[in-house]
Every structure is written in structure tokens, then in C-alpha cells.
Protein chains: 2
Amino acid sequence: MKPYVLGIDIGGTNTVFGIVDARGNVIASNSIKTVKHAKFEDYLDELYTEASRLIEMNDATDKVQGIGIGAPNANYYTGCIDDAVNLPWPSLPLAKMVSEKFGIPVAVTNDANAAALGEMTYGAARGLKDFIMITLGTGVGSGIVINGQVVYGHDGLAGELGHMCVKRHTGRQCNCGRHGCLETYCSATGVARTAREFLEIRTEPSSLRNLDPDSITSKDVYDAAIQGDALAKEIFDYTGTILGEAMSDMATFSSPEAFILFGGLAKSGDLLMRPLKEALDRNILSMYKGKAKVLLSELKEADAAVLGASALGWEAK
Amino acid sequence: MKPYVLGIDIGGTNTVFGIVDARGNVIASNSIKTVKHAKFEDYLDELYTEASRLIEMNDATDKVQGIGIGAPNANYYTGCIDDAVNLPWPSLPLAKMVSEKFGIPVAVTNDANAAALGEMTYGAARGLKDFIMITLGTGVGSGIVINGQVVYGHDGLAGELGHMCVKRHTGRQCNCGRHGCLETYCSATGVARTAREFLEIRTEPSSLRNLDPDSITSKDVYDAAIQGDALAKEIFDYTGTILGEAMSDMATFSSPEAFILFGGLAKSGDLLMRPLKEALDRNILSMYKGKAKVLLSELKEADAAVLGASALGWEAK
């Protein structure tokens, strides 16, 4: 009997889950809305129903040996989510509750660490032992790999580079309660915030002015920039510059061989990459200059986190 | 025959070296001036002469099995110093040249990594597997330990947290050519710079005004603060606050169990520690709050780097 694991990626908006075999093939996957359920128990009911349906449909009953979960602020050591500001239920014993519901062993880590594991096993980080994965989604996450091992820190919660302070005293309010965090600028929501700010304080024409400012998304800004809108391009310049500057500071910590970018925003091409690479090169300490590659994830966006989470599933006991 | 190693700490001002036994006792130590020799060959001649004298005097001839060196920007993998802006000879094959001169195997790492090794083996970090050593000297150095291992990065040059940018666009010029580096504020020379700046832009009386501004040292500022000088105290508030803010960012990377401070400035007591701890607590991400201890080195200042460097000496081949 061919063994499977279930990989689950819990994001601020969607939860994606998939059945994965020992060779890293995603046999089947599906998703539910994370935001739909204010109560975790209701969310877990729907997740269980949908995952069970997927397992049955793919003739995988009794073959799933472990569940790996990537979720914001999920602690590898304790199995808990702690203070996850982007989830409806910020703190709970995730591994225990999911394990009891499914009757299958569960291991958890934060979503960005899971993505880093996936990238190291199947993607752009194959063969790399020192790299930093940066996920540009609703927030900014990070998974740091040093000497081939994910950095969990003494408490299982290391690698929150989205909450590095990039503007100390004048920065934007973050969901975490602090100000100036990287993710208030360089996430999808950060790009939308920049758009609203620029539209308010600037006077030049822009196709973005045709949109309701409160509902502008990073996709809207991307579409406008691709059409040649100068203000939209400048929003990407601003975003990429801040991210490149922050990456130059990250390099002083672990001197990585590569940064690997993942998430919708990472697919913005040169709109983001040109200012990012320029800022990185301009700000990085000379001893590191020209060394750290900036790579894009080589995994399909939906699969990457599921694959990474599934890798943990094999370890679950 | 009892084996020894020679530990050498090359600082921007002084070079300290000592004979160390397998149990970590410093049998004897001495120092020479690093800055005296513009040519490395002349420096190496004096180091060899003085170290040989020390070895002879302590009946250690033929007992020294390896040499470990801690030096700014020294690369554990290549054995070279690269772009060490605080040394008279910024780039050279250090391990090779010292090894050829002494006829003994040599291993090198940067001075802060060596201090972290010393602290982990003999000092405040005994039993800790995740900590960040911060050395407050002429510059600011750092040695990062994750899972019980020093972080060298893909190129051997990781852990330069003194060059994290703490004031992005308006920061002080650093010796490294960039602006706003942590060490331009929180090193001994940084404190002296702050004193000069404060004396120029502020009008209140201070005993520091009796000194020649160009030759003020951090020790002068410390002495004045201890005597109750308000401006001198404020200089320490400013320094400690910036360091605490920077440490809150470091925590997002590796979530250390402790920060260990080392160097002359670290001995300033509450003058530095109170504002530092307040800023750390105020700025750290809530999931890390109250976790990371701030400790002082438990090794004598002269011995710490020699002991750390000597630990590398046992590995030298």
C-alpha cells in the first residue's frame, strides 16, 4: 500500500490542503475559506469534511499516515498557534485539535517555514544549505535555513522577518500592534496601502483614480503598472526598494546564498525585482556584495506550501 | 606532556594572545598594539617574537598544538581577512601567513564569533543553544549561535549585526562606507560621536564641556554620567535605546534565548541596561516579549576572546 501524507496550508484568507505521496507528487488538492469561520471548531468541521471527501475520492482512506500543517505563528515545538494576528482564532493548540479530529498524527510549523522546506526539497532551493525564503502574501513571512536546517529558535517561533522594523518612529501601524513592520509595506495589503497613500498625497493623473480607494488591491496596482501607469510603477519602486533595503540587513545576520521570493507579489516581474535588486546592491555590506542570489520560487503557488507542510507530515508522531 | 593551544584576538587597537590548556585555563597572556604596524609582515614579526617569548617563559615550547585567531572579518572557511575596515591591513590570507610563520596549524574566525564560542564553553552561555553575542568595542560585532552552532553563513562571513542599518536615510557615516550602521551609534566610538553631537546641538551645561570634544571617549561620558551629569546620562539613554530597538529586530530572525553583551561599554551598568531593556521590551514582537534574557559576559574581558579563539585552536589542522 502506497503511503500518503496530508499537507495543509492555513493562510489568512484561504486554507489549501492536498494529498501528497512519498515522491512529492500532489495527488489531489482543494481549498476552503479560512476567514469564513469565527469559531475554530466550525472551521475544523469544514476542513475535516472537505479533506475526508478528497481522501475518499482519491482512494486514499487508511493510507494517510501523517498530517503536516503550515500556519501563521504555528510553533514547531509546542504544536500551538500563538498570537497569529492574521487569523480569526489567534491562539489555540492546533496540532492537538486537528490530530484528535482526524485521528492521525500532526506536526505544524509556520507557513513560511513550510514553504522553505518545500522549496528545499522540490524547488528553487534544491542543493542550497543557507537561504532565506520570503513569502509575500496577505502578510510577509519568512523561513530561514542555515546549514540545511530550518531555524526554529529557542521557542520554535524564529523567522518573523515580516516584523522587522523598516521605519522606526514614523512607520505604518501593523496588525501586530507595532509600527513600521516590513509587512505593512511589502505585502499585498502593504502595496494597496501605498496606493491609497500615494493617491491621496500626490496630484498626478493615474488610472488607479478610477477605482474605489478602499478596495484597491495589489493586483489593481500591478495591472495599472503593466499598462504603463507611472504612479503604479512608482508604487512598485517604493515597495521593491524597501524590501531590498530590508534584505540587505537580513544578509548581515546569516549571509545567505540566496533569497527566494514566493507569493503573488513575487510574480510582478521587473516591476518589483528591478528596484529590489538595485536597493539590495546599493545597501548591502561590501563583503556580501554580489553574493546573494535573488530567486523566485519554482513551485506552483498552491503546491509550494502544501508540499512543504506535507514534508512535515512524514515526521508527525 | 600537557598540550596547549595559542589563542589570538586581533582587535582594531590591541592584539591579545594567550596560552590556554585543554581545560580552558589561560596559562599566560600578553598583548601588542595592532595599530602600530602599517605592514602586516612587521606586525607578524612582533607577534611572533612576543608569543614565542611567552611560550618559552612558560615552558610551553613544542606543546602548542594549534593556534586559533579571532579577528574582524576573518573567514572561518577560507582563513582570510576580507575588507576589515577597522584594521591597518584590510585583506590578507591570515591563517596561511600565521601558520607559515609559527609552523603550527591555524584556524580563524571573526572576533565576535570567537567570543561567542568562549562564552558558550566557559561563560554566560553555558547550556544555551540559541543566543546572540554582541560585542561593544571600537565597533559592534556579533556572534550568532543557533542550535548550538556558530552561524557562519554560506561564505563564512555571517553575523555582522554591527552593520544592520538603524537609521536608513539620515544615519551616520560608517567606516564600511554605508550610513546608519548600528556600530556608528552603539560602539565606544559611537558613544563619543553622540557626545560630540549632543554638545554641539544642545545648550545645557555639562561637565563634558570641559573636555576637548575631539578627544572625548566613551569612558569620559561614563565617568560624567556616574557623577550625575544629566547630558552624559542622556547619551547613554540614546545609545541603549538604539541598541534595544536593534535587538528587537534581531529577535525576529532567530528568537534567541539570550543576548550576551560583551566589551567595555557593556560594563556601564544601568546607565546602558535600563534604556536598552526598556527599548527591547517596548519594540519586540509580542510573541517574543519577556523571553530573551539580556546577560553580561561572565568572562574577563581580556580572556574571553582569547579563550574563544583558543577553542578554535584545537580544531586547527
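Chain A is the first sequence line, chain B the second, and so forth, proteins listed ahead of strands; every chain is numbered from 1.
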Any side-chain heavy atom of B:R282 within less than 4.5 Å of one from A:R178?
no
Taking every non-hydrogen atom, the tightest pair across B:F253 and A:M250:
CE1-O, 3.9 Å
At a 4.5 Å cut-off on heavy atoms, which part of B:A246 comes close to chain A: side chain, backbone, both, or neither?
backbone
Measure distances from A:A292 to the heavy atoms of chain B and classify the residue's part below 4.5 Å as side chain, backbone, both or neither.
neither
Is chain B contacted by the side chain of A:I284, its backbone, both, or neither, given a heavy-atom distance below 4.5 Å?
backbone
Against chain A, work out which of B:I132, B:D83, B:D82 has the most heavy-atom pairs shorter than 4.5 Å and name it.
B:D83
So, taking the atom named OG1 in A:T252 and the one named CG in B:L157, what distance separates them when rounded to the nearest 0.5 Å?
12.5 Å
Part of A:H169 within contact of chain B (heavy atom distance under 4.5 Å):
side chain
Which atoms of B:N147 are under 4.5 Å from chain A, going by heavy atoms: the side chain, the backbone, both sets, or neither?
side chain
Could you state the interatomic distance from OG (A:S254) to CD (B:E160), rounded to the nearest 0.5 Å?
12.5 Å
Identify the two heavy atoms, one from B:E257 and one from A:H154, that lie closest to each other, and give their separation to 0.1 Å.
N-ND1, 3.6 Å
Chain B contact via A:L128 - which portion, at a heavy-atom distance below 4.5 Å:
neither
Heavy-atom pairs under 4.5 Å with chain B - which of A:H179, A:Q149, A:E245 has more of them than the others?
A:E245
For A:N283, is it the side chain, the backbone, both or neither that has a heavy atom under 4.5 Å from a heavy atom of chain B?
both
So, does A:Y152 use its side chain to make a donor-acceptor pair with the main chain of B:S255 at under 3.5 Å?
no
Using modelled atom types and a 3.5 Å cut-off, is there a donor and acceptor pairing between side-chain atoms of A:R168 and backbone atoms of B:V166?
no
So, the side chain of A:D249 versus the backbone of B:C165: is there a donor-acceptor pair under 3.5 Å, distance only?
yes
Heavy-atom contact with chain A under 4.5 Å, split by part of B:L161
both
So which of A:M164, A:K167, A:M287, A:K129 has the biggest tally of heavy-atom pairs under 4.5 Å with chain B?
A:M287
When heavy-atom pairs shorter than 4.5 Å are enumerated against chain A, which of B:P256, B:S142, B:C176 gives the highest number?
B:P256
Taking side chain as everything from C-beta outward and backbone as N, CA, C, O, which of these in B:I146 sits under 4.5 Å from a heavy atom of chain A? Side chain, backbone, both or neither.
side chain
Of all of A:C174, A:A158, A:C181, which one pairs up most often with chain B through heavy atoms under 4.5 Å apart?
A:A158
